[in-house]
Number of protein chains: 2
Amino acid sequence: MKHTNNLDICCPPRLVLDRIGDKWSVLIVLNLSDGPKRFSELRETLHHVTPKVLTHTLRGMERDGLLTRTVFAEVPPRVEYELTQLGHSLRPVMEPINAWAAEHVDEVLSLRKAHDAQLADEPAAH
Amino acid sequence: MKHTNNLDICCPPRLVLDRIGDKWSVLIVLNLSDGPKRFSELRETLHHVTPKVLTHTLRGMERDGLLTRTVFAEVPPRVEYELTQLGHSLRPVMEPINAWAAEHVDEVLSLRKAHDAQLADEPAAH
DNA sequence: CGGTATCCCCCGGGATACTG
DNA sequence: CAGTATCCCGGGGGATACCG
């Protein structure tokens, strides 16, 4: 996004996809849906994503107001992440995504496989 | 995705996001919603995206059965892209995305701005 | 515990030029 | 018209190591 395409502005969907289209944001929202969680808890659930990446993702979401980060002055340190109202409002957006995926994942995968197989068969077209 | 994480399988949402999370797929679906379009038509609507990129995106979508590619044996050549049933079924998925974006884009942008401004103020925390 | 700091690789995506 | 062929850059994201 170097030359500030007006597409970025004219197309709101891009804002959402840039925000939740990355690898972990959706899973984070889902995981925080029923209450705040600590950094390590999230890491475990997210299959031990690298701390750097998790931090980066969380910071980005915090920046956009999707969640809050609360540091507790204890030893050992404790940090909790919690969805904001805005963060919670994303659930209705994700449900259709989930539903579509659940319903069509097999179809897509088999279509993809068939398509690849067909291409592999006919290198003759060249 | 090198070491085939089981997350890819266990989390259907990823399939969708990997598919429509890229820069152009959503816009393509929206643009093909009311009927087939030719390659150049798509290019124009999509703010003159590079042919290479457009081709790549379209091929990926074709591979997953979201659209069909029809070549007409004419001169000059004509190629039309049309959503499949599966492709059309994505619309209900995108509408909430659109709606959320329309409703919250200003909020997110201002929250983001405020957040950045605050960080710029306090390099003292260091 | 909850992060930073580095290094590194891959690839999405744009620019430019050429072709059947 | 509808693509290919190259080159290139930025950054997402993982691995590893270290820190307050």
Side-chain angles (χ1 to χ4, degrees), chain A residues 1-8 11 14 17-28 36-63 67-82 119 123 125-126, chain B residues 1-8 11 14 17-28 36-63 67-82 119 123 125-126:
Chain A
M1 251 147 258
K2 54 198 69 162
H3 67 95
T4 309
N5 196 323
N6 36 8
L7 181 66
D8 305 333
C11 183
R14 278 256 49 87
L17 293 172
D18 286 342
R19 179 64 273 160
I20 70 169
D22 63 28
K23 193 163 181 179
W24 302 108
S25 293
V26 169
L27 290 175
I28 291 174
K37 285 219 170 80
R38 321 180 46 165
F39 190 81
S40 327
E41 290 182 283
L42 284 173
R43 275 205 71 194
E44 267 182 61
T45 320
L46 305 189
H47 302 77
H48 300 93
V49 52
T50 298
K52 190 198 71 172
V53 174
L54 181 55
T55 301
H56 180 75
T57 307
L58 290 170
R59 293 287 202 273
M61 298 175 70
E62 187 193 5
R63 177 177 180 243
L67 51 77
T68 58
R69 176 175 177 269
T70 311
V71 184
F72 294 87
E74 310 171 356
V75 279
R78 182 163 59 103
V79 178
E80 282 193 353
Y81 294 89
E82 183 169 18
L119 284 188
H126 188 276
Chain B
M1 247 146 259
K2 55 199 69 162
H3 68 94
T4 309
N5 197 325
N6 36 9
L7 181 65
D8 305 332
C11 184
R14 280 256 48 86
L17 292 173
D18 286 342
R19 179 63 275 159
I20 69 168
D22 63 28
K23 195 163 181 181
W24 303 109
S25 293
V26 169
L27 290 175
I28 290 174
K37 286 222 170 78
R38 321 177 47 162
F39 190 80
S40 327
E41 292 182 281
L42 284 173
R43 274 205 73 194
E44 267 181 61
T45 321
L46 304 189
H47 301 77
H48 300 91
V49 53
T50 297
K52 190 199 72 173
V53 174
L54 181 56
T55 301
H56 179 75
T57 307
L58 289 170
R59 293 286 201 275
M61 298 175 70
E62 186 192 6
R63 177 175 179 244
L67 50 77
T68 59
R69 175 174 177 270
T70 310
V71 183
F72 294 86
E74 309 172 356
V75 280
R78 182 163 59 104
V79 178
E80 282 192 354
Y81 294 90
E82 183 169 19
L119 283 188
H126 189 274

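Lettering follows sequence order; numbering is per chain, from 1. Since this is a predicted model, take the numbers as computed values, not measurements.
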### Query
What heavy-atom pair brings Arg69(B) and Val79(B) nearest, and what distance separates the two atoms?
CG-CG1, 3.8 Å

### Message
Which is more 5' along DNA chain C, the nucleotide nearest Pro77(A) or the one nearest Thr55(A)? Just name the residue.
### Response
Pro77(A)

### Task
Specify the separation, in whole Å, of atom CZ of Arg43(B) and atom P of dT16(C).
12 Å

### Query
Between dG13(C), dA15(C), dG12(D), which one does the side chain of Thr50(B) approach most closely?
dA15(C)

### Query
Rounded to the nearest Å, what distance is computed from the CZ atom of residue Arg14(A) to the C1' atom of nucleotide dG13(C)?
12 Å

### Query
Just how far, in rounded Å, is C1' of dG12(C) from CG of Asp18(A)?
13 Å

### Task
Answer with base, sugar-phosphate or nothing: what part of the nucleic acid does Val71(A) contact at a heavy-atom distance below 4.0 Å?
nothing

### Query
Short question: side chain of His48(A), backbone of Leu46(A) - any donor-acceptor pair under 3.5 Å?
no

### Task
Whole angstrom is fine here: how far is it from CZ in Phe39(B) over to C1' in dA2(D)?
6 Å

### Message
Categorize Tyr81(B) for me: base, sugar-phosphate, or nothing, with a 4.0 angstrom heavy-atom threshold over every strand shown.
### Response
sugar-phosphate

### Task
Nearest whole angstrom, please: distance from the P of dT16(D) to the NE2 of His48(A).
14 Å

### Query
Can you check whether Arg59(A) has a side-chain N or O nearer than 4.0 Å to OP1 or OP2 of dT4(C)?
yes

### Query
Looking across every strand, which nucleic acid part, if any, lies under 4.0 Å from Val49(A) by heavy atom: base, sugar-phosphate, or nothing?
sugar-phosphate

#### Entry: Closest non-hydrogen atom pair between Arg14(A) and Asp22(B), with its separation
NH1-O, 3.1 Å

### Query
Thr45(A) side chain to Glu41(A) main-chain N or O, any donor-acceptor pair under 3.5 Å?
yes

### Task
For the pair Arg78(A) (side chain) and Ala73(A) (backbone), establish whether a donor and an acceptor sit closer than 3.5 Å, ignoring hydrogens and angles.
no

### Query
Can a side chain N or O of Arg38(B) be found less than 4.0 Å away from OP1 or OP2 on dA2(D)?
yes

### Summary
From the candidates dG13(D), dA2(D), dC1(C), the one with an atom nearest any side-chain atom of Lys23(A) is dG13(D)

### Message
Whole angstroms only, please: what is the CG-C1' distance between Leu27(A) and dG13(D)?
### Response
15 Å

### Task
Round to a whole Å and report the spacing from CZ of Arg19(B) to C1' of dG12(C).
13 Å

### Message
Nearest to the side chain of Arg78(B), heavy atoms from C-beta on, is which of dC1(C), dA2(D), dG3(D)?
### Response
dA2(D)

### Query
Nearest-Å distance, CD (Glu44(B)) to C1' (dC1(D))?
12 Å

### Atom of Arg19(B), atom of Thr57(B) and distance for their closest heavy-atom approach
NH2-O, 4.1 Å

### Task
May I have the step-by-step check of side-chain contact (heavy atoms from CB on, under 4.5 Å) for His56(A) and Arg59(A), ending in yes or no?
CA-CA 5 Å; His56(A) 180 75; Arg59(A) 293 287 202 273; 5.9 Å; no

### Query
What is the bend of the helix from dC1(C)-dG20(D) to dG20(C)-dC1(D) when you compare the axis at one end with the axis at the other, using five pairs each and rounding to 10°?
50°

### Message
So, applying side-chain contact (heavy atoms from CB on, under 4.5 Å) with Val49(B), which one of Thr55(B), Leu54(B), Leu27(B) is it?
### Response
Leu54(B)

### Task
Name the residue closer to the 5' end of DNA chain D, choosing between Lys52(B) and Glu41(B) according to the nucleotide with the nearest heavy atom.
Glu41(B)

## Note on the structure
Of the candidates dA17(D), dC1(C), dC1(D), the side chain of Pro51(A) sits closest to dA17(D)

